[in-house]
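Along the sequence shown, residues carry numbers from 1. Please read these numbers as outputs of a predicted model, since none were measured by experiment.
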Amino acid sequence: MWMPWQQVSGWARASNERAIGNARTATTICSRTRVEREDVELFLRSRETSAAPIGRAAPRPA
């Protein structure tokens, strides 16, 4: 005998499982993007500090 509430319940469960899977995937992608962005920012900051001359006097005009 066909019972519609069982079919709907199965669909709802499957839909919820797909939604959870999508949310986990999106969270992972966002975390990786954030970590990559932080790595780039750290690299750029290290390049800025190493490019600046430290302890050198400015040349005197002639």
Exercise. Do any N or O atoms from the side chain of Ser15 and from the backbone of Trp11 form a donor-acceptor pair under 3.5 angstrom?
Worked result: no
Problem set entry | CD on Glu48 to OG on Ser46, rounded to 0.5 Å | 9.0 Å
For this session: Considering only NZ, NE, NH1 and NH2 on the basic side and carboxylate oxygens on the acidic side, decide whether Arg45 and Glu41 come within less than 4.0 Å.
Result: yes
For this session: Could you name each residue pair satisfying salt bridge (Lys or Arg N to Asp or Glu O under 4.0 Å) that touches residues 18-27, not counting sequence neighbours?
Result: none
For this session: Would you give the length of the straight line joining atom OG1 of Thr25 to atom CD1 of Ile20, rounded to the nearest 0.5 angstrom?
Result: 12.0 Å
Exercise. Taking only residues two or more places apart in sequence or in another chain, which ones pass salt bridge (Lys or Arg N to Asp or Glu O under 4.0 Å) with Arg34?
Worked result: Glu38
For this session: Starting at CG of Leu44, measure out to CZ of Arg47 and round the result to the nearest 0.5 Å.
Result: 9.0 Å
